[in-house]
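In what follows, chains are A, B, ... by sequence order, proteins preceding strands, each numbered from 1. None of these values were measured; they are calculated from a predicted model.
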Amino acid sequence: MSINISLPDGSIKTYAKAVTALEVATEISPRLADAAICAEVNGKLVDLDHLIEADSKLVLHTFKTEPGQEVYWHSTAHLMAQAVKQLYPEVKVTIGPAIEFGFYYDFDRDTPFTDDELIKIEDRMKELIKANHSYSRRELSKAEAMDIFAKMNESYKLEILAEIPDTDVISTYTQGDFIDLCRGPHISSTGKIKAVKLLKTSGAYWRGDEKNKMLHRIYGISFPSNKELTEYLAFLEEAKNRDHRKLARDLDLFSINDEVGPGLVLWHPNGAMIRHLIEAYWKEEHLRKGYKLVYTPHVGRSKLWETSGHLGFYKENMYAPMEIEEQDYYIKPMNCPFHIAIYKANHHSYRELPIRLAELGTVYRYERSGVLHGLMRVRGFTQDDAHIICTPEQMDTEVDKLITFSLDMLKHFGFKEFMIYLSTRPEGSVGEAEDWDAATESLRRSLEKQGLDYKVDEGGGAFYGPKIDIKIKDALGRAWQCTTIQFDFNLPARFNMEYIGADNTPHRPYMIHRAVLGSVERFFATLLEYHSGNLPLWLCPTQVMVIPITDNQLEYANKLVEKLQLLGLRTEIDTRGEKIGYKIRDAELKKIPFMCVVGKNEEANNFVTLRQHTIGDLGSMDFDDAVKTIRSHQ
RNA sequence: GCCGAUGUAGCUCAAUGGUAGAGCAAUUGAUUUGUAAUCAAUAGGUUGGGGGUUCAAUUCCCUUCAUCGGCUCCA
């Protein structure tokens with residue numbers, strides 16, 4: 001009897017008896033065997049020393065694949081736990097998974113880990129790497145496992161074990177003197193970890209629930225080479241420079257003032273100009289796509305929020321009411337009830353639908369103090385909100401249009417990569433099953449029809465309807481949610497929304513709640529970080545800086561400014577008595593896309609010398625060519 | 001909210017119990033400059049707020065506010 005092992009390239013290797021994944025790898029190439037982290041046999045991740053006893057499909061994972069990275073980091077987490085247990089035996093271990101970048105491990109101990117302790121732990125890890133302990137898997141019964149961890153007094157492991165069905169195979173992994181309950185797989189030995197760095201500590205609740213005990217978490221990362229670690233640390237440094245909060249200070253875009261209040265944004269002239277340009281474009285596009293713009297108040301009577309249900313399910317995010325003439329008014333956390341009120345101000349025939357109401361609606365939500373973050377998470381923000389009210393027959397077309405519209409708009413701002421999620425019905429939802437199904441299928445159909453890659457988040461929808469979320473990936477690989485397209489089966493019923501059908505009887509319309517940018521604040525922050533502050537020309541508050549070399553060119557320079565401004569180019573002039581290098585440096589640091597340098601030569605020939613941000617001197621040319629060059633970047 | 005760190009001039013940062021400093025920015029003056037920083041002078045502070053210990057607090061303690069990093073990712 002022979003065993004056939006098929007590899008991803010289509011080739012098949014035949015063996016007379018059972019072989020390990022590592023043996024197969026070694027046969028292919030010693031380098032692969034060295035780089036291999038784990039194996040995938042018939043879709044199941046296993047250790048490299050896993051014995052293959054029947055015909056199988058085999059994939060070998062290195063650090064270059066996602067499963068490979070995950071296993072590598074997970075094994076490093078075990079290594080860290082080993083180091084911690086050696087240094088601080090009284091600490092109890094809990095869990096330590098791999099995450100998107102690196103890993104963490106949560107420990108139960110009275111005091112947090114200090115920076116000095118982190119260094120000690122890292123040093124111990126390096127010693128353990130040198131010792132090159134192998135990770136060995138052992139399968140055992142639940143009772144045996146309970147016995148082992150009870151003796152070690154590892155109560156969290158016992159808690160985890162207690163939840164595993166008795167019939168499941170339990171496995172432990174041991175390296176050196178450290179044993180951990182773990183499904184695996186793992187790398188073959190600690191020596192495979194070449195570069196490791198512990199990054200930060202933090203508090204984290206046991207199982208993420210704030211009712212549970214707070215544990216102490218250590219985050220870290222590891223790589224198969226020092227070079228990769230150095231590159232990763234440089235990448236973190238780069239991320240810091242791109243942080244929208246830093247860019248906002250450098251470019252004077254916005255600030256958040258202690259006296260005004262946390263999470264409340266002050267838009268400075270430069271930031272406000274960019275915002276204005278975003279909003280103007282947004283409005284124009286919406287009008288072009290058949291939306292009607294509306295404006296609604298910032299507060300509404302408690303009755304409205306009772307009807308909408310927000311006082312029931314959203315109260316903890318709402319601010320305390322203010323009393324006006326013995327009536328409670330709430331500042332709005334959402335725009336929907338107002339848009340519905342506009343819809344309901346008139347009777348509607350099916351002939352009028354779809355109705356698309358759009359508003360840049362500013363809302364206020366209570367966010368817990370610990371979660372505020374620059375413009376990404378604030379307490380007062382403006383949603384680019386719209387509500388589409390349509391008949392069931394129109395639903396498909398509307399969803400289809402929405403997805404196209406959203407992606408087109410995001411692309412216009414320079415974004416290229418998107419992550420799309422379809423979230424389906426959660427438990428405890430409201431609305432009819434057939435409505436949910438119809439809406440979910442409509443969303444799915446549109447995604448399929450447009451050939452878009454998407455992930456399904458089963459049960460991840462809002463309680464009132466299924467949704468599509470589009471997240472933007474920035475240059476550093478971080479994802480930010482922008483677009484959300486959500487069906488709502490709650491509010492139309494609560495507000496008793498209707499239209500008169502062709503049959504002359506009232507019908508309940510479908511309502512789609514959507515935001516393309518998400519919120520202007522978050523979108524602005526994402527945009528800044530994505531472009532590293534080098535915004536597309538059409539969004540720059542100052543597009544051209546005119547730089548006269550000496551005061552003798554002031555008149556010529558001022559005329560130039562006037563001409564550029566007349567053409568609609570946002571132009572400033574730097575008349576300070578500084579040297580040209582100084583003024584250029586200043587304009588470069590402010591990330592102004594174009595500089596017009598004018599001296600006596602330019603004046604004599606009626607020329608300008610153009611310089612482009614980050615590119616440099618573009619040479620002398622006449623005015624029209626300069627404008628043409630600038631506009632070519634529009 | 002919880003855990004930890006931080007809070008000194010507009011910005012970036014010094015000063016470990018004994019009169020709070022620097023660079024950049026700002027203001028003034030000189031310089032009129034050719035592609036990423038000209039020189040000099042001046043001004044700028046209740047060291048986040050409040051309380052305490054001390055002869056003396058930016059420094060030690062308490063409290064409060066804010067900022068930063070975390071708090072879903074199943075052994």
Query raised in the report: Whole-Å distance between B:rG69 P and A:Arg245 CZ?
Result: 4 Å

Report task. Could you give the distance separating B:rU16 and B:rA20 at their C1' atoms, to the nearest angstrom? Result -> 14 Å

Report task. Send over the distance from A:Leu118 CG to B:rG69 P, rounded to a whole Å. Result -> 18 Å

Query raised in the report: Is a side-chain N or O of A:Thr550 found less than 3.5 angstrom from the main chain of A:Asn552, in a donor-acceptor match?
Result: yes

**Report entry** A:Tyr582 vs B:rA25: side-chain N/O to OP1/OP2 distance below 4.0 Å
**Finding:** yes

Report task. Decide yes or no, distance alone: a donor-acceptor N/O pair under 3.5 angstrom between the base of B:rU32 and the side-chain of A:Asp551. Result -> yes

Query raised in the report: When you compare B:rA25 with B:rA37, how far apart are their P atoms, in angstrom units rounded to a whole number?
Result: 12 Å

Requested in this report: Among B:rA36, B:rC71, B:rU32, find the nucleotide with the atom closest to the side chain of A:Thr550.
Outcome: B:rU32

Report task. Could you tell me whether A:Asp115 contacts a base, only the sugar-phosphate backbone, or nothing, with contacts defined as non-hydrogen atoms closer than 4.0 Å? Result -> nothing

Query raised in the report: Looking at B:rG1, B:rC73, B:rG69, which one has an atom nearest to any side-chain atom of A:Tyr104?
Result: B:rC73

Report summary line: Here the residues of residues 211-219 of chain A within 4.0 Å heavy-atom distance, strictly under, of RNA chain B are A:Met214, A:His216, A:Arg217, A:Tyr219

Query raised in the report: So, do A:Ser189 and A:His133 sit near enough that their side-chain heavy atoms are less than 4.5 Å apart?
Result: no

Query - Pairwise P distance, B:rG29 and B:rU19 [rounded to whole Å] - result: 36 Å

Report summary line: Among the nucleotides B:rU38, B:rC73, B:rC3, whichever has the atom closest to the side chain of A:Lys579 is B:rU38

Requested in this report: Look at A:Lys200 and B:rG70 and indicate whether a side-chain polar atom (N or O) is within less than 4.0 Å of OP1 or OP2.
Outcome: yes

Requested in this report: Would you check, one step at a time, whether the test ring-ring contact (aromatic ring centres under 6.0 Å, His included) holds for A:Tyr135 with A:Tyr173?
Outcome: CA-CA 6 Å; A:Tyr135 288 80; A:Tyr173 277 78; 7.3 Å; no

Report task. Indicate whether any N or O donor in one side chain lies under 3.5 Å from an N or O acceptor in the other, for A:His633 and A:Gln612. Result -> yes

Query raised in the report: Counting only Watson-Crick or G-U wobble pairs whose two distances fall under 3.5 Å, which nucleotide matches B:rA26?
Result: B:rU42

Report summary line: A:Tyr366 has its side chain closest, among B:rA36, B:rU33, B:rG1, to B:rG1

Query - Whole-Å P distance, B:rU59 and B:rU47 - result: 9 Å

Report task. Could you please name the partner base of B:rC13, counting Watson-Crick and G-U wobble pairs only when both distances are under 3.5 Å? Result -> B:rG21

Report summary line: Ranking B:rU33, B:rU35, B:rG1 by distance to the side chain of A:Thr609, first place goes to B:rU35

Query - Identified salt bridge (charged side-chain N to carboxylate O under 4.0 Å, His left out) counterpart of A:Lys157 within the set A:Asp147, A:Asp180, A:Asp108 - result: A:Asp180

Report summary line: On RNA chain B, more 5' by nearest nucleotide between A:Gly96 and A:Ser369 is A:Ser369

**Report entry** Side-chain touch A:Arg109/A:Thr111, heavy atoms, less than 4.5 angstrom
**Finding:** yes

Query - Separation of the C1' atoms in B:rG50 and B:rG10, to the nearest angstrom - result: 26 Å

Report summary line: In whole angstroms, the gap separating C1' of B:rA37 from CG of A:Leu589 amounts to 9 Å

Report summary line: Quick note, A:Asn552 side chain, CB onward, closest among B:rG69, B:rU32, B:rU38 is B:rU32

Requested in this report: Indicate yes or no: at least one non-hydrogen side-chain atom of A:Val598 is less than 4.5 angstrom from one of A:Glu603.
Outcome: no

Query raised in the report: Does A:Ser532 reach the main-chain N or O of A:Arg242 with its side chain, forming a donor-acceptor pair under 3.5 Å?
Result: no

**Report entry** B:rU72 OP1/OP2 closer than 4.0 Å to side-chain N/O of A:Arg207
**Finding:** no

Query raised in the report: Who does B:rU54 pair with, Watson-Crick or G-U, both distances under 3.5 Å?
Result: none

Requested in this report: Validate the cation-pi geometry between A:Arg217 and A:Tyr104: distance from NZ or CZ to the six-membered ring centre under 6.0 Å, angle to the ring axis within 45°.
Outcome: yes

Query - Check: B:rG1 base within 3.5 Å donor-acceptor of A:Tyr205 side chain - result: yes

**Report entry** Any residue of residues 254-272 of chain A with a heavy atom less than 4.0 Å from an atom of RNA chain B
**Finding:** A:Asp258, A:Pro262

Query raised in the report: Within less than 4.0 Å of OP1 or OP2 of B:rU28, is there a side-chain N or O belonging to A:Arg576?
Result: no

Query raised in the report: Which value, in whole Å, describes the distance between the C1' atoms of nucleotides B:rC74 and B:rA66?
Result: 36 Å

Requested in this report: Both distances under 3.5 Å, Watson-Crick or G-U wobble: report the partner of B:rU67, or none.
Outcome: B:rA5

Query raised in the report: So what does A:Ile549 touch, heavy atoms closer than 4.0 Å: a base, only the sugar-phosphate, or nothing?
Result: base

Query raised in the report: How far does the P atom of B:rU31 sit from the matching atom of B:rC68, given to the nearest Å?
Result: 47 Å

Query raised in the report: From the list B:rC71, B:rC73, B:rG34, which nucleotide is the closest neighbour of the side chain of A:Val371?
Result: B:rC71

Query raised in the report: Does A:Arg249 place a side-chain N or O at less than 4.0 Å from the phosphate oxygens OP1/OP2 of B:rU12?
Result: yes

Report task. Pick the P atom in B:rU8 and in B:rC60, then give their distance to the nearest Å. Result -> 15 Å

